[in-house]
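Right, one structure below, let's go through it.
Not measured: the values here are computed from a predicted model.
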Amino acid sequence: MSRTEQLNRQTGVEERSRGRWLALSVLVLAVLLVAVDATVLGLATPALSEDLKPSGTQLLWIGDIYSFVIAGLLVSMGSLGDRIGRKKLLLAGATAFGAVSVLNAYASSPEMMILARALLGVAGATLMPSTLALIRNIFHDPKERSLAIGIWGATASAGAAVGPVVGGALLQHFWWGSVFLINLPVMIVLVVVGSKLLPESKNPVAGPWDLISVGLSLVGVIAVVYAVKEVATHGLTWEVAATATLGAGALYAFVRRQFRLASPLLDMRLFKHRGFSGAVLADLLTVFGLSGLVFFLSQFLQLVQGREPLEAGLAELPAAIGAVVTGLVAGRYARRYSVRSIVTGGLAAIGLALGALTLIHKESGYPLLGAALLVVGLGAGFSFTVTADVILSSVPKEQAGSASAVSETAYELGAALGIALLGSVVTGVYQGFTAPAGVPAAVADAAHESLGGAVEAAKLVDLATAQTMVHAAQESFVDGLRFASGVGAAVLLATAVAAWFLLKGQKLQDGIEH
């Protein structure tokens, strides 16, 4: 081979390498926005509550309907991307995400806000599985792919923690709707640059898209999660039991149908692999702990400790820092030691940090909060990144969209359950406080809806009564936060033990794929 041919080949390799990493930079933009949108509303909750005046139940729905809808549609959208093209689906979803963000920003009632958040979830469901599936098809060297997934995972984890910082900065100067309008310029960049840099990929023999399976998965996930949330908040009623039965029946029918279809939306045989199932479980509960903590600490920092939105957002930054640091090195350490030790250690770290928050009180200094958030971020970066790598490398490239959707469903379902279940625990304990004597029933009812409602309701009574009522509400909220942290800690530590056994013998790939 001549010197000129060698130089030309080397230049071509370098250009392809640069192209891969530039394409990755576009993909992480999409991940960042979806992850930020899952938590950015946390800091805006007090301002939104004052403006739209939602009930406590409506407030929880505003917080978690986005993640519920994403979780219900991810498998379907991952499968759709396998069929029509992941790049095509990503760019279409990004355009819709930007447009629906405007509807969120200008919502004028709690009902409109819930609908807008649900539509944003539909658009978000098209983005996440496409990004991870494209990584699977762009990076053929497993070590390079591990680093790419590390960057992707760090962005997803950090995005959830950076959301409050972004929200705080905007709320310091603008109204609450601004936390959605920031999506527009980023989505424009994503669509313009992504259309040029991203390669198209799909499964050439995927078969037809089964709409019945799409409906079953959507109904099943949303109904089951709704029922769990309602039981935690209001106890078991016949309506909740009927909803749970409907959801369980839909999911059962979905699974049965996938086994019968020649081209299923989701290949259920993947779950027979112990490592795959263990990785999905760890995925879900890692985000369960992270999202639940970030969402409710935002309210604690503002409504209990009286911090400004930007200050509260910056206070949560250690979680983002920890997730980025460990996400970038997680693949390397999983190869040096073992997958199960890294994932188990990450889950245990999150559990111990949540356990430390059972010591929190109204006057707690920042060192305890900052240290707990940092440890949660470190644990999430290790666990989430390695489990995503395990899930993605377990399947052929042609099924990358479906496997990505499983990973993303675990992520979004974890976020939804973290807010819904831990939030229901907080709300259940919070509503037990006693309003001062002489407070009108309507004011007391408003105060019991949420902590933000108590702060607003206090403006309707005299100063001494207001101070007494707000103090009682704050103490009750902190009691709920402590109890929810204890529940979260128990769940994460139990999952760490389960992951140690489920991920036994699991390894990340080393050799280059051909």
Can you tell me if Ser341 uses its side chain to pair, donor with acceptor, with the backbone of Tyr337 under 3.5 Å? no
Check whether any side-chain heavy atom of Val28 lies under 4.5 Å from a side-chain heavy atom of Ile151, and answer yes or no. yes
Does Asn104 use its side chain to pair, donor to acceptor, with the backbone of Ala116 at less than 3.5 Å? yes
Spacing of CG belonging to Leu281 relative to CG belonging to Leu503, to within rounding of 0.5 Å: 9.0 Å
May I ask you to decide if Gly379's main-chain N or O and Ser383's side chain share a donor-acceptor pair within less than 3.5 Å? no
To the nearest 0.5 Å, atom CG of Leu115 lies from atom CD1 of Ile65 at 9.5 Å
Straight-line distance of Leu368 CG to Leu357 CG, nearest 0.5 Å: 6.0 Å
Heavy-atom pair of closest approach, residues His361 and Phe300: O-CZ, 3.5 Å
Within-4.5 Å side-chain heavy-atom neighbours: Arg332 and Ile342: no
On a heavy-atom basis, the closest approach of Arg117 and Ile62 is NE-O, 3.3 Å
Do Lys362 and His471 come close enough that some side-chain heavy atom pair is under 4.5 Å? yes
If every non-hydrogen atom of Val470 is compared with every non-hydrogen atom of Ala454, which pair is closest and at what distance? CG2-O, 4.2 Å
Got a sec, which residues hit side-chain hydrogen bond (donor to acceptor under 3.5 Å, both in side chains) with Ser476, two or more places apart in sequence or on another chain? none
Okay, side chain of Gln474, backbone of Leu303: is any donor-acceptor separation there less than 3.5 Å? yes
Can you confirm whether Leu246 sits close enough to Val224 that some side-chain heavy atom of one is under 4.5 Å from a side-chain heavy atom of the other? no
Is it the case that the side chain of Thr126 and the backbone of Ala123 share a donor-acceptor pair, with hydrogens and angles ignored and the cut-off at 3.5 Å? yes
Donor-acceptor contact present, side-chain Arg340 to main-chain Lys504, <3.5 Å: no
Any Val240 side-chain heavy atom under 4.5 Å of Thr237 side chain: yes
Partners passing side-chain hydrogen bond (donor to acceptor under 3.5 Å, both in side chains) against Thr465 (at least two apart in sequence or in another chain): Asp462
Sub-4.5 Å side-chain heavy-atom contact between Val304 and Val478: yes
Heavy-atom count check: over 12 atoms from other residues, nucleotides or ligands less than 6.0 Å from Arg482 CZ? yes
One pair to check against side chain to side chain contact (heavy atoms under 4.5 Å, CB included): Phe382 and Val343. What are the steps and the verdict? CA-CA 6 Å; Phe382 272 133; Val343 174; over 6 Å; no
First locate atom CG of Leu493, then atom CG of Leu347, and finally report the distance between them rounded to the nearest 0.5 Å. 9.0 Å
Where Val426 and Ala484 come nearest, the two heavy atoms and their spacing: CG2-CB, 3.7 Å
Between the side chain of Ser338 and the main-chain N/O of Ala334, is any donor-acceptor distance below 3.5 Å? no
Do Ile360 and Leu481 touch side chain to side chain, with heavy atoms closer than 4.5 Å? yes
Check whether more than 12 heavy atoms from other residues, nucleotides or ligands sit under 6.0 Å from atom CZ of Phe501, and answer yes or no. no
If every non-hydrogen atom of Ala279 is compared with every non-hydrogen atom of Val390, which pair is closest and at what distance? CB-CG1, 3.9 Å
I want to check something: taking the side chain as every heavy atom from C-beta on, are Val221 and Leu251 in contact at a cut-off of under 4.5 Å? yes
With rounding to the nearest 0.5 angstrom, report the OG1 to CG distance, Thr387 to Leu284. 10.5 Å
Within this structure, what is the CG-CG distance for the pair Leu73 and Leu218, rounded to the nearest 0.5 Å? 5.0 Å
Quick one: closest heavy-atom pair of Ala148 and Ile135, and the distance? CB-CG2, 4.0 Å
